[in-house]
Amino acid sequence: MSTTHHTLRERLAALRGPGTAPRPLDARALAALAANPGCRRRALMDAAGVDKGAVAEALGAPARFGQSRFAFSRGHAFEARVKADGCAELLRLLGAEGARAQVPDLAAAGPEGRTARTRLALAEAPRGGWTLLDHPLLAVEVAGSTVFLEPDAVAVAPDGSWTVVEIKSFPILDGAADAMKVGAAARQAAVYVLALDAVEAGRARSAILLVCPKDFSNLPTAESVDVRKQLAVTRRQLARLTRIEEIAAALPEAVTFDPAAPRPELTAAVDAVPAAYAPECLSSCELAFHCRARAREADAVDALGRALRSDLGDLTTLASVRAASCSTAPTADPAVAALRRAAALRAEALAAATGGPA
Amino acid sequence: MSLMNVLARAEAVAAGRAVPAATVRHRRIAERPLVLVPLTTAGEAGAPLGAMVGTDRAEPTLLVVPQPLDRELRFAFFAGLAAAVLPVVDAYADEVETEPATKNREEVEVCADAPQIVVPNSAALDYVRLLGRSTRYLRTVEDPDAPHPVPVPVPLLGRWLTHYAERARTPGSSLLVAMTELLTRHWATGQSAMEDQHLGALLGWIDPPDGLDGGSAAARAQTGRGPDGLLLSPPAGPATDPVFDNRVLAPALERYDAARSAGATGPMRVAEADVRRLVASQLRPTWDDVWHGVDLLRALPEGAHVEERWKRDRWSFTGHRDRLRAGEPPQPRRDDAVTAAQKLAGRETAQARLYAQEALDDPLVMAARRLAGEAFTGTVLSVEMTWSEGRRPMPRPLLTLTTPDLPQADPATRAYRALPGAKSAQTAEVVSLTPAPGVPAQRGAGGAPAEGPSAAGGGPAAADVPPAAGPAPAAEPQSGPLWQVVVRLTGGMGTGKTPREGSVPEPGDRVTFTLFAHDQRGGPALPEAEATPWTHGGPPQARETAVPEAPDTATAEDFL
Ligand code: SF4
């Protein structure tokens, strides 16, 4: 082996930068990663535990999203309420009103210790009664490296089945919740189901329990959400991720994503890993403004939306789209032909509107 | 996104500013719109933080909730909003026109105009719906048992907001509109549809300030921050910028809470004024942006069918006014199945109507329909007079036209043509569609149609018409027509044997046929199901069957 790093873990630590603690991936990030499996940049940085927000800041393109204190404290207060009194409310929502549940202590040192503790608790949960795991820690393999995930709760039913519990603070209003938010929660929960499957396949139910405030109150209510579809999609997308080792191997040895590195060096490092920017990145990835600027510099059609590509065939830059639209040479490319028609029709209509001959 | 739209966005990038996506205005902009910019507290569904509202851009009414978690203060906000909105609504309620009787209904009155509400974006529009939901069941001071009574007008406000938000689901309606939706309907920017949801960025592309191009103006709106770290163009809501929340709003609310619990009236006033100033600083840029958008839209000429659709909005407004006057209970939390199905059907009709009307009003929209094969424009080569068989032969002229468009039509597909001055469209049917003679074979985009008439002769049934799903033609329209279409006119020519003057085009005329109908069932400007006046039995599922909904239960931590 020519490399000086003997394990992937060492290599990832070097990429992160000396003395930088890894930033754990959460289910939200993993779901976002699964949503854009073509992006090696994100896959590598996430696997290495790079703080992408700090990198974006250091690149001079800070992300715009953050969490409001108000939303944060509301979320916490609501979760506390659901879990108060030995999770009495949660049991009611699980259809076991009045039942008592075991709530094992899952504290342990380090993520490995906590996952081991969770596995043990799952294994030891007695049949015939309820066991509720409050913030268990689960591990999944993603592109050849381990990611730790922390669901809000996992319930072990008397029949031994496991249910992922996702507690959100957006309301279920008159029996319906914001479809986008429910979708995001379902994608996250699917990641947890996936992680439970790694503990023991088939024990976790594919219907998760989504707990939300009812209407405008602070009273918890719940809906069972079937995440089979999200599960299949996430599984497939994660399988499509290029192995992290491979991505890392394609990079020069000295590359580092240390936010403390000088900006030109950091920029070069980030740009050395291929990305797949689409406007959706703006709501899901801290590096979006940087990647967008790059995509725009490259005049990429994708900067306007990924869906466009199917219509445009080989035309990947906006300049080529414009050139095709006013070209005249015979062509066998249906995209070029359609663009010419579009351009001619558009010009004709605009001329008609400004009073010229139709 | 359609190819036409992709092309427009590519042009906008090259031009450094937005390009037209419409040549006329497809929605009504009222003379005195009521602009409403709401803000909410992050994470709290029903806890508004404040709003700017009014019909005078120079003097908005500012409403601020100094502690959004306090029920009394929230209720005061609702009362303030009702005081700002309801007088505007009332001003339109009594000015009516009389619609003459028809054979289906008696004479009926309709409000001569209706108030229009404009909000910054679709999230704000949804928030109007939420405000409506959270206020329409509130119990008022008239109810002696109400634990937390609100002033009488508040539930009324809730019912109007609910009605407006519901009406906004009808395609083409203009009672309640989101500025981002209006602007993206009329301009194509050089950014993605998702980025267009930011009102400041969208305006940056459409009307960049001096010295900036669209891209830089949009970037400044999205990410530009002042020396205080706050965004120059705060999000148009209803959620506020987290940095604003964490850095300035939260401490200000804490100061207010502290002064209040200490019972210190003076410091409380100061703290409240602080919160007001902060919330206003987040609202004002959006307020100005919405009015900026109003100006831009006003500069476009109104589409010919906008008035007709606005009349439906007036019916909708009148119908709700009548339901309130008749003392009907508030709208239910959920529609029953019949009402829901009727609404859906009504919206589908409205969608089809809008689809046709926008194309008829705007050559740029028609161009997109032509590109999609749903319409074709061509030059009449020849007209052959024929007549129908039977005792009273009617004119059925055959038109041969050449067109660069490839309509997605089989023989006998119905086609429609707008006749100047006529009430309804002229009907026709497609007889045949063939490559025009004398066109070099390689013009096509690699599909069968381009190979000339012989290629289409594979089967007798398909002899005249290429497959409807065939590839788009690849002609340069400038270089001559590609398709020859034969169309038989079947209507709009009067009742005699000789077609009415001007109803049959002549050789050399340029004509446009659409494959979609121009009028939708229901005829022009009848009240829709949801707006059926109570004088005429009210909407289906009449009020006799409606059981008033119970108010929401109040608990200590409610955000109602
Ligand atoms: S923003 Fe950049 S790094 Fe993040 S997912 Fe998109 S392309 Fe990948």
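Atom set for the values below is all heavy atoms of this structure, side chains included, hydrogens, waters and symmetry mates excluded. First the proteins, then the strands, lettered A, B, ... as listed; each starts at 1.
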K.L.:
Quick one: what part of Arg333(B) sits under 4.5 Å from any heavy atom of chain A, side chain, backbone, both or neither?
P.N.:
both
K.L.:
What heavy-atom pair brings Ser325(A) and Leu7(B) nearest, and what distance separates the two atoms?
P.N.:
CB-CD1, 3.5 Å
K.L.:
Heavy atoms only: give me the nearest Arg69(A)-Glu254(B) pair and the separation to one decimal.
P.N.:
NH2-OE2, 2.6 Å
K.L.:
Counting only N and O atoms by type, is there a donor-acceptor contact under 3.5 Å from the side chain of Arg346(A) to the main-chain atoms of Met4(B)?
P.N.:
no
K.L.:
Given that the side chain runs from C-beta out, which part of Pro235(B) has a heavy atom under 4.5 Å from chain A: side chain, backbone, both or neither?
P.N.:
both
K.L.:
Hey, is the main chain of Asp178(A) close enough, under 3.5 Å, to the side chain of Asp126(B) for a donor-acceptor pair?
P.N.:
no
K.L.:
Side-chain contact test, heavy atoms from C-beta onward, threshold under 4.5 Å: evaluate it for Asp405(B) versus Arg341(A) and give yes or no.
P.N.:
yes
K.L.:
Select one option (side chain, backbone, both, neither) describing which atoms of Glu195(B) are under 4.5 Å from chain A's heavy atoms.
P.N.:
side chain
K.L.:
Which bit of Ala303(A) comes within less than 4.5 Å of chain B, counting heavy atoms only: side chain, backbone, both or neither?
P.N.:
backbone
K.L.:
Flag the pair Met194(B) / Ser283(A) as yes when at least one side-chain heavy-atom distance between them is below 4.5 Å, and no otherwise.
P.N.:
yes
K.L.:
If I measure from the heavy atoms of chain A, does Leu253(B) come under 4.5 Å with its side chain, its backbone, both, or neither?
P.N.:
side chain
K.L.:
Which region of Phe289(A), side chain (C-beta onward) or backbone (N, CA, C, O), has a non-hydrogen atom less than 4.5 Å from a non-hydrogen atom of chain B, or is it both or neither?
P.N.:
side chain
K.L.:
Are Leu3(B) and Leu312(A) side-chain neighbours, meaning at least one heavy-atom pair lies under 4.5 Å?
P.N.:
yes
